[in-house]
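Working notes for the structure below.
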Amino acid sequence: MLVLIFNLEIIIVAMNNNKRKRHSRNDVSKKNQKPPSNKEQEIPSASTAKRAKSNEPSKSSNFFEKMRARLSGGHFRMINEKLYTCTGKEALNYFREDSSLFNLYHAGYRTQMSNWPEQPVNVIIKWLKKQSPSFVVADFGCGEAFIAKSVKNTVFSLDLVSNDPDVIACDMANTPLGSSSADVTVFCLSLMGTNYQTYLEEAYRVLKPGGWLLIAEVKSRFDPNTGGADPEKFSKAISELGFNSVKRDFSNKMFILFYFTKKCTQIISSTTPSTENYQQHTLPD
């Protein structure tokens, strides 16, 4: 037993001696080492480089961003199609049941518009700024109320949902505006729904005699070669509702802008005017 203990003590002493030798060699090597140059100090370690790389957007994060954008675009197209294939009252109830869909729609709308070289709302704003600042404007389907925020005129901003105290939530066929109360009515990419004729009748009601009706619509809806409406027949159909066709602006690549004025004598057709598949064309990407 004593021999075993003696041998263990010898082993422990040897281990401690080896430890001290290693420490002394390390101390000598540290003393003999030269301080790193500035260039050597600037070179990041592998772990530092890895951390820096992790802060950069990865391919997977870019992929998920693209996927989110596609999903958003898909939801926008789905809601857009819904709005063109239902009545205004049904659309109003649709958004009342889930108001988040309205925000989702306009998020997709902004994405679509960002790809256009020029936006119709900006053309309308430029036109309004050349008119009398006393003109009262009714903006049907105003969205985020850009017109009201951009001109000095009094603007009644109307839409199905209101997230803004200055926007009036209502059915576009039944607004709270008084008869002959507006000088200009605007439908900027918003003349949608199976009963859109009733929106135009409402625009006629709120307009003063000689007042302006401006309609901006996607150009593809007015290409008869691809199943769209004939612009001439569309203008004639609007005229049958009590308007004079003043001008059609085809100069923009993405949209057409129609200018009408209200006739002094109302002539309302009993049936929806034929516009040849006008409702079937949605916003292009």
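Contact annotation: the side chain of Ile215 never approaches that of Phe140 to less than 4.5 Å [non-hydrogen atoms, C-beta and beyond]. Val151 is not listed as a side-chain neighbour of Val137, based on a closest heavy-atom distance of 4.5 Å or more. A heavy-atom distance below 4.5 Å is not found between the side chains of Asp249 and Ile256. Leu160 places none of its side-chain heavy atoms less than 4.5 Å from the side chain of Tyr105. Taking 4.5 Å as the limit, every side-chain heavy atom of Asn115 sits out of range of all side-chain heavy atoms of Met254. By the 4.5 Å heavy-atom criterion applied to side chains, Leu207 and Phe243 are counted as neighbours.
One N or O on the side chain of Thr226 and one on the backbone of Asp223 form a donor-acceptor pair closer than 3.5 Å. A donor-acceptor pair under 3.5 Å is formed between the side chain of Glu202 and the backbone N or O of Thr175. Using modelled atom types, one side-chain atom of Asp159 and one backbone atom of Gly143 make a donor-acceptor pair closer than 3.5 Å. Within the 3.5 Å criterion, the main-chain N or O of Ala107 finds a donor-acceptor partner in the side chain of Thr111. In this structure, the side chain of Asp164 engages the main chain of Asp166 through a donor-acceptor pair within 3.5 Å. Side-chain atoms of Tyr94 never come within 3.5 Å of backbone atoms of Ile79 as a donor-acceptor pair (strictly under, hydrogens ignored).
Heavy-atom contacts from other residues, nucleotides or ligands closer than 6.0 Å to CZ of Phe258 number more than 12.
Clustering ILVMFWY residues whenever any of their side-chain heavy atoms sit less than 4.5 angstrom apart, transitively, puts Val167 in a cluster other than the one holding Tyr109.
Trp127 and Trp212 have perpendicular rings, their planes meeting at more than 60° on a 0 to 90° scale where under 30° would count as parallel.
Scanning all heavy atoms of the two residues, the minimum distance from Asn153 to Phe135 falls at ND2-O, 3.1 Å. Closest of all the heavy-atom pairs between Val206 and Leu177 is CG1-CB, 3.9 Å. Contact detail for Ile124 and Ala216: the closest heavy-atom pair is CD1-CB, 4.3 Å. When all heavy atoms of Met192 and Asn80 are compared, the pair lying nearest together is CE-OD1, 4.0 Å. Taking both residues in full, the closest heavy atoms of Pro176 and Cys170 are given as CD-SG, 4.1 Å, listed atom of the first, atom of the second, then distance. Ala203 approaches Phe187 most closely through the heavy-atom pair CB-CE1, 3.8 Å.
Summarising the geometry, atom CG belonging to Leu189 is positioned 11.0 Å from atom CD belonging to Gln112; distances are rounded to the nearest 0.5 Å. Rounded to the nearest 0.5 angstrom, Cys142 SG and Leu158 CG are separated by 6.5 Å. Here Phe146 contributes atom CZ and Asn122 contributes atom CG; the two are 8.5 Å apart, rounded to the nearest 0.5 Å. Rounding to the nearest 0.5 Å places CD1 of Ile168 at 8.5 Å from OG of Ser162. In this structure, OH on Tyr204 lies 5.0 Å from NZ on Lys262, to the nearest 0.5 angstrom. Lys149 contributes atom NZ, which lies 10.5 Å from atom CD1 of Ile125 (distance to the nearest 0.5 angstrom).
Side-chain atoms of Thr198 and Asn195 include a donor-acceptor pair closer than 3.5 Å.
Each of Lys247, Glu240, Arg248 was checked for a side-chain contact (heavy atoms from CB on, under 4.5 Å) with Ser235, and the lone residue meeting it is Arg248. Exactly one of Asp171, Thr194, Leu92 qualifies for a side-chain contact (heavy atoms from CB on, under 4.5 Å) with Thr87. That residue is Thr194.
The salt bridge (charged side-chain N to carboxylate O under 4.0 Å, His left out) test applied to Arg110 returns Glu144, not counting sequence neighbours. In this structure Lys208 satisfies the salt bridge (charged side-chain N to carboxylate O under 4.0 Å, His left out) test together with Asp183, sequence neighbours excluded.
The pair Lys82-Glu90 fails the salt-bridge criterion, with no side-chain N (NZ, NE, NH1 or NH2) lying under 4.0 Å from an Asp/Glu carboxylate O.
Annotation: Phe250 is not in aromatic contact with Phe222 [ring centroid separation under 6.0 Å not met].
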